[in-house]
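So that the names make sense, note that chain A is the first sequence line, chain B the second, and so on, each numbered from 1. What you see is a predicted model; the values in this text were computed from it and never measured.
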Amino acid sequence: MADASSFSVTTPIFYVNDVPHIGHAYTEVATDVLARWHRQAGDDTWMLTGTDEHGQKILRTATANGVTPKEWADKLVAEAWVPLLETVDIANDDFIRTTEDRHETNVQKFLQKLYDDGHIYTGEYEGYYCVGCEEYKQQSELLPGEGEYEGQLVCAIHSKPVELLHEKNYFFRMSAFAEQLLALYEERPDFVQPESARNEVLSFVRSGLADLSISRSTFDWGVKVPWDDSHVVYVWFDALLNYITAVGYGQDDAEFTRRWPAQHIIGKDILRFHAVIWPAMLMAAGVDVPRGVFAHGWLLVGGEKMSKSKLTGIAPEQITETFGSDAFRYYFLSAINFGQDGSFSWEDLAARYQAELANGFGNLASRVVAMITRYCGGVVPAAAELSAADHEIASIEQRATDASWAAVERLAVHDAIAATWELVDALNGYLTVEEPWTLAKDPHQRARLETVLATAYHGLGTLAVLLSPVLPKATAKLWTALGAPGTVQEQRIDRANEWTLGERVSPLEALFPRIEVAE
RNA sequence: GGGGCGGUAGCUCAGCCGGUCAGAGCAGUGGACUCAUAAUCCAUCGGUCACGGGUUCAAGUCCCGUCCGCCCUACCA
């Protein structure tokens, strides 16, 4: 049923000046799992991620480091952002940088079209500008400075002085799209998810929309406004367009039709840009709005939103070095209800790793493979007459397959994993009840022994397929040990329980070794 | 000031339109078992569902108010 349908999914593009932390990695992993899952369901899938490299802040840090902004961005992309994707094992199909020609050229095309169609006008703008935020601030967002900034106004977020700027700006007539946006939210209740995010957006748009300043003339690190090269495009306007410039907008109509619209996965901090400004921009240009915008929650550390400034930021490698990328992926996607805030703690991570991955799934794989090796000489046994318990396992495999795919289709990754884990638990329980080690002692029970092991073997293979989007490394090892044909990533996940059996098992190292705490 | 979300067992959280909804996992305790990564399985302890009212035959589940946490947004100045 999933055949031939197209599924494009995106992460936000990273602001290169940021330091990668587990929040970035969380967004990437969630998006990657959705993409892998759809890919394995036969969908024509495309996962896009990338970097946002324009703006005054980058210009300034580059200058401070004595290099050009492009050199600065190149360095950060190579040293921080591409490595982040490797750290958490992301299988993206494309990586766009906003400094690439395919982006800049088509941003200009897009902008020119809005200009030609009367959606842009010239205006004056005066306001306090925070370089850190890359945006103008309202009075309410400013605080009186202290210490060295005594007497100045400082940004409430960055605690650095803001600058009073006065500039000619080009404005996007966003206010004209309020009604169309409301109609969109009405007609497509799933356009903004989860429900809490949709409520935020609705109340915001209902309260009225202002026009949006979309150019800057005080610095030049950005895409030039095509009809006035003394201005560069406002970074956010520029950044949002990556979603279409990356898939051929203005350049390759066939590709664009194939890949757009995409489902956006974002953090809730940038909800408004994606659920209001972005669709308004697209409406103005006569381009389809996104398939949907899904805002996930914050990772809370010690009950607070994780933040770089509060030093609660955690680098993904801190986790993957000890637990591995599979565990990172599994932990954040299973422990957190996708869309809600979730608490992170090392204790919880370690506990879940041990209980669920090592003792639950890993040990299950280990005991099944070991018994087939020991009792059947490594030859995959064939099932004979099936008992009620065997049929029950088969039906749980079916249920896990159906339920997890249904959950993924509604972006409930957390539910998909939970549905799959029922099979892990069922198989461990099945083995305890059937006691193949006892059957093995009685030659007359040979057929039953082989049937039990065949049933467990089959369930394990189904698990490998179902968990491959979340645990790509471990399931690949397991697939090999099961002696199954092809790669696990090639298996249809929406028919996970129909995989083709192998003939011989091979030794399996511990998928999730126990972690001895040395501290 | 307006708005959004949340406050459920020690911990992390499920509980859709009101009627076995008082739950799960982990931790704790007791027992079984040995194929396996000292793993697995079973049983069990544990909560006045933030607080106060209200609607109802019936309310974590709806309404009002209060307190607490987080987030978005405004303004007097």
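Per the geometry, CD belonging to E347(A) stands 19 Å off P belonging to G10(B), to the nearest Å. A39(B) atom P lies 13 Å from atom OH of Y353(A), rounded to whole Å. Look at CG on D341(A): it is 9 Å from P on C71(B), rounded to the nearest Å. In this structure, E422(A) atom CD and A24(B) atom C1' are separated by 11 Å, rounded to whole Å. In this structure, E356(A) places its CD atom 16 Å from P of A24(B), rounding to the nearest Å. To the nearest angstrom, C1' of U12(B) lies 14 Å from CG of L299(A). As rounded to whole Å, 20 Å separates atom P of C26(B) from atom CZ of F344(A). Whole-Å rounding puts the R514(A) CZ to U37(B) C1' distance at 7 Å.
Counting only heavy atoms from C-beta on, S196(A) has its side chain closest to C5(B) among C72(B), C5(B), C35(B). Side-chain proximity of F512(A) to U37(B), U34(B), C13(B): nearest is U37(B). Listed nucleotides U12(B), A14(B), U37(B) differ in distance to A358(A); the shortest reach to its side chain belongs to U37(B). Comparing U40(B), C33(B), C71(B) against the side chain of W437(A) picks out C33(B) as the nearest. Out of A36(B), C72(B), U40(B), the shortest distance to the side chain of N359(A) is found at U40(B). Among the nucleotides U37(B), C35(B), G3(B), the one closest to the side chain of S203(A) is G3(B). Candidate nucleotides C35(B), U37(B), C13(B) were compared by shortest atom distance to the side chain of S366(A), and U37(B) ranks first. Nearest to the side-chain atoms of Y375(A) among the listed nucleotides U12(B), C35(B), U37(B) stands C35(B). When each of C13(B), C26(B), C72(B) is scored by its nearest atom to the side-chain atoms of S343(A), the top-ranked nucleotide is C13(B).
At the heavy-atom level, N363(A) lies under 4.0 Å from base atoms of the strands shown. Nucleic acid contact class of A370(A) (heavy atoms, under 4.0 Å, all strands): sugar-phosphate only. Contact annotation for Q340(A): backbone-only contact, meaning every heavy-atom pair under 4.0 Å involves sugar-phosphate atoms and none involves a base. Across all strands shown, G362(A) has heavy atoms under 4.0 Å from base atoms, whether or not it also approaches the sugar-phosphate. Counting non-hydrogen atoms under 4.0 angstrom, L511(A) reaches a base of the nucleic acid.
When the side-chain nitrogen and oxygen atoms of R206(A) are compared with OP1 and OP2 of G3(B), none of them lie within a distance under 4.0 Å. Note on R198(A): every side-chain N or O is 4.0 Å or more away from OP1 and OP2 of G4(B). The side chain of T432(A) contributes no N or O atom lying less than 4.0 Å from OP1 or OP2 of C42(B). Contact check, N428(A) against A39(B): no side-chain N or O comes under 4.0 Å of OP1 or OP2. Contact between the side-chain N/O atoms of Q354(A) and the OP1/OP2 oxygens of U37(B) is not found at any separation under 4.0 Å.
A syn orientation is assigned to G60(B), its glycosidic angle lying within 90° of 0.
The nucleotide A24(B) finds its pairing partner in U12(B), both defining distances of the Watson-Crick or G-U wobble pair being shorter than 3.5 Å. Base pairing annotation: G1(B) forms a Watson-Crick or G-U wobble pair with U73(B), both donor-acceptor distances under 3.5 Å. The pairing partner recorded for G6(B) is C68(B), the criterion being a Watson-Crick or G-U wobble arrangement whose two distances lie under 3.5 angstrom. Nucleotide G30(B): paired with C42(B) (Watson-Crick or G-U wobble, both distances less than 3.5 Å). Look at U48(B): it lacks any Watson-Crick or wobble partner with both distances under 3.5 angstrom.
Defined by atom type and a distance below 3.5 Å, a donor-acceptor pair is missing between the side-chain atoms of T475(A) and S468(A). Residues D211(A) and S175(A) bring a donor and an acceptor atom of their side chains to less than 3.5 Å of each other. A donor atom on one side chain and an acceptor atom on the other are not found under 3.5 Å apart for Y234(A) and N169(A).
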| task | Step by step, work out the side-chain hydrogen bond (donor to acceptor under 3.5 Å, both in side chains) result for S387(A) and D390(A). | result | CA-CA 5 Å; S387(A) 71; D390(A) 307 337; 3.2 Å; yes
| said: Run D341(A) and K268(A) through salt bridge (charged side-chain N to carboxylate O under 4.0 Å, His left out) and show every step you take. | reply: CA-CA 10 Å; D341(A) 291 351; K268(A) 64 183 183 181; 3.0 Å; yes
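Here, C68(B) and A32(B) have their C1' atoms 46 Å apart, quoted to the whole Å. The C1' atoms of U61(B) and C49(B) are separated by 10 Å, rounded to the nearest whole Å. A59(B) and C64(B) have their C1' atoms separated by 15 Å, given to the nearest Å. Taking atom P in both G65(B) and G1(B), the straight-line distance is 13 Å, to the nearest Å. The C1' atoms of U29(B) and G10(B) are separated by 14 Å, rounded to the nearest whole Å. As rounded to the nearest Å, G15(B) and G6(B) have P atoms that lie 10 Å from one another.
Both V424(A) and E195(A) lie close to RNA chain B; mapped to their nearest nucleotides by heavy-atom distance, the more 5′-ward contact belongs to E195(A). Comparing A197(A) and K268(A) along RNA chain B, the residue whose closest nucleotide (by nearest heavy atom) sits nearer the 5' end is A197(A).
Ring centers of Y26(A) and H296(A): under 6.0 Å apart, within the cut-off.
Under the 4.5 Å side-chain criterion, counting only non-hydrogen atoms from C-beta, M371(A) is not in contact with S366(A). The closest side-chain heavy-atom distance from I120(A) to F171(A) is not below 4.5 Å.
In this structure, the side chain of S334(A) does not engage the main chain of H414(A) through any donor-acceptor pair within 3.5 Å.
Residue side chain E200(A) reaches the base of G3(B) through a donor-acceptor N/O pair under 3.5 Å, judged by distance alone.
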